[in-house]
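This report refers to the structure that appears directly beneath it.
Source: prediction; values computed, not measured. Order of the sequence lines fixes the chain letters, A, B, ..., with proteins taken first and strands second; residue numbering starts at 1 for each chain.
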2 protein chains.
Amino acid sequence: MNQPTGQEDKVLSTEEKIKEAARKLFTQKGFAAVRTRDIADEAGINLALLNYYFRSKQKLFDIIMLENFRKFLHIVSGRVLDDSLTLEEKIALLVDIEIDMLTQNPDLPLFVLNEIRVNPNKIAMEMHSGDVPGVSRLLAQLISANGSGEAPQMQPLHFLANLIGLTVFPFVGRPMLQKITGVDEDAFYKMMQERKKLIPIWIKAILNCS
Amino acid sequence: MNQPTGQEDKVLSTEEKIKEAARKLFTQKGFAAVRTRDIADEAGINLALLNYYFRSKQKLFDIIMLENFRKFLHIVSGRVLDDSLTLEEKIALLVDIEIDMLTQNPDLPLFVLNEIRVNPNKIAMEMHSGDVPGVSRLLAQLISANGSGEAPQMQPLHFLANLIGLTVFPFVGRPMLQKITGVDEDAFYKMMQERKKLIPIWIKAILNCS
DNA sequence: AACTTTTTTAATCATTTGATTAAATTATTA
DNA sequence: TAATAATTTAATCAAATGATTAAAAAAGTT
């Protein structure tokens with residue numbers, strides 16, 4: 001009758017309904033701005049069930065936070081990790097994957113960046129002592145490229161800040177950018193698709209100009 | 001005896017003490033995560049004085065929000081507005097000013113970006129119907145440069161996203177970037193100073209490569 | 001069907017929190 | 001100095017909020 005028809009959260013267990021409601025609200029507004037009653041209403045369940053399944057608001061939040069972190073960071077590791085691609089190819093792949101992820105989860109980066117600022121240590125173990133798998137290999141590749149004459153030197157932090165900044169920032173600043181430029185939502189997301197091709201070119205230009 | 005010695009908030013009126021405490025906490029943690037008692041404690045005043053001087057938590061927050069917005073956006077307009085500088089010169093000036101501002105107010109961008117997301121309309125009038133003075137002139141200059149053969153075409157949104165992304169993002173993502181790259185705080189802020197010179201070069205390279 | 005376990009509900013608790021009040025203190029004015 | 005106004009304080013209120021409880025309903029088991 002009703003297979004996954006599109007958006008409705010049918011055929012979800014109570015526990016899943018709560019979690020999805022919590023994910024939506026927490027990711028949108030952060031821990032402090034969300035009431036447990038908001039979550040219960042959004043999920044369409046009795047308030048007590050939240051505590052029945054998840055013990056406390058904080059424990060529920062922690063689950064969502066961890067999943068959001070993984071979604072934001074682990075994108076990188078999976079496909080970029082193994083292959084023996086060139087630096088340029090990896091960049092192109094990474095940007096492509098990341099922009100798709102951001103298009104589907106536009107609230108994610110602001111949530112993650114806020115959480116990291118509030119609690120820089122809680123994330124520490126998630127990127128196990130500063131080692132997000134894919135990224136560290138990418139940086140190693142950058143450094144070895146630094147040695148060869150191919151591209152001039154660039155500090156890993158500058159490189160990462162540029163790559164993530166160009167990729168992620170437009171999503172974080174979307175309302176501001178739209179307001180200033182007058183671009184509507186459709187056009188905005190089309191331009192984000194354009195950036196899949198543009199950012200790798202720009203990064204290359206940046207690497208070859210200092 | 002004690003002139004402005006450096007950091008202490010001496011010789012501040014009660015009203016000013018409350019406002020400074022509120023600015024610090026609200027900018028750091030947002031509206032919902034801050035208690036009026038936190039503000040009173042931080043300011044070292046009686047809780048009732050907050051309402052005596054500012055009526056409500058919301059009204060106090062609105063004042064701080066407006067000032068933070070102006071600080072974040074109006075940087076641009078002042079000095080970049082009048083001069084008859086070239087596009088490149090304006091970019092260099094803008095990046096320089098903005099990085100100094102961000103170094104002194106590292107919490108500002110995340111606060112502003114959060115607020116804009118929560119309430120995109122409240123900001124609308126602050127950048128009066130999409131017209132931040134300095135920026136609109138900058139974009140006009142970009143578009144006219146688009147016409148001349150000097151630099152290839154680039155959409156204003158891409159241009160702005162790149163410029164702001166390269167400039168602002170490192171501050172928003174500082175804890176993450178530090179954790180991944182292992183760069184300590186001193187080195188980080190030194191690199192932000194480097195970016196004053198680097199970003200204009202990079203932007204130029206980006207404009208000349210598509 | 002009888003019984004047990006799991007899930008759900010409505011009601012309630014204890015704290016927290018934004019705000020107010022009336023009295024006390026300090027500063028200002030006449 | 002006396003009177004008046006402004007500021008500050010401690011106590012308190014009412015609503016919001018996270019959490020719990022006991023009973024009811026549903027699902028599962030024998």
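- Between C:dG18 and B:Thr36, a contact under 4.0 Å exists linking OP1 or OP2 to a side-chain N or O.
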Notebook entry, point to check: Given the rule in the side-chain contact (heavy atoms from CB on, under 4.5 Å) test, do B:Phe31 and B:Lys57 qualify, once you have shown the distances and angles that lead to the verdict?
Noted result: CA-CA 9 Å; B:Phe31 179 80; B:Lys57 180 190 178 188; 3.7 Å; yes
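- Between the CD1 atom of B:Ile39 and the P atom of C:dG18 there is a distance of 8 Å, rounded to whole Å.
- If you measure from atom CD1 of A:Ile18 to atom P of D:dG18, you get 14 Å, rounded to the nearest angstrom.
- The CD-P distance, from A:Gln58 to D:dT17, rounds to 17 Å in whole Å.
- Summarising the geometry, the separation between CZ on A:Arg37 and C1' on D:dA15 is reported as 11 Å, rounded to the nearest angstrom.
- The side chain of B:Thr14 places no N or O atom within less than 4.0 Å of a non-bridging phosphate oxygen (OP1 or OP2) of D:dT7.
- Under the side-chain contact (heavy atoms from CB on, under 4.5 Å) rule, A:Ile199 has a single partner from A:Ile91, A:Asp96, A:Leu94, A:Ile99, which is A:Ile99.
- No contact: B:Phe54 has no heavy atom under 4.0 Å from any strand.
- Going from atom CG of A:Leu25 over to atom P of D:dT17 covers 13 Å, rounded to whole Å.
- Here the C1' atom of nucleotide D:dA19 and the CZ atom of A:Phe61 are 19 Å apart, to the nearest Å.
- Taking the six-membered ring where tryptophan is involved, the planes of B:Phe26 and B:Phe61 are perpendicular, since the angle between them exceeds 60° and thus also 30°.
- Within a 6.0 Å sphere centred on NZ of A:Lys204, other residues, nucleotides and ligands contribute 12 heavy atoms or fewer.
- Counting to the nearest Å, the C1' atom of C:dT20 and the NZ atom of B:Lys57 are 17 Å from each other.
- Rounding to whole angstrom units, OH of residue B:Tyr53 and P of C:dG18 are separated by 20 Å.
- Salt bridge annotation for B:Lys196-B:Asp100: present, with a cationic side-chain nitrogen under 4.0 angstrom from a carboxylate oxygen.
- You won't find any donor-acceptor pair under 3.5 Å spanning the side chain of A:Arg35 and the base of D:dG18, going by distance alone.
- Remark: B:Glu67 does not engage B:Arg70 in a salt bridge, criterion side-chain N to carboxylate O under 4.0 Å.
- Contacts between residues 44-52 of chain B and DNA chain D, defined by a heavy-atom separation below 4.0 Å, involve B:Asn46, B:Ala48, B:Leu49, B:Tyr52, listed by number.
- For B:Ser56, taking side-chain heavy atoms from C-beta onward, the closest of the listed nucleotides C:dA19, D:dA19, D:dT8 is C:dA19.
- Considering CG of A:Asp184 and NZ of A:Lys190, their distance stands at 8.0 Å, rounded to 0.5 Å.
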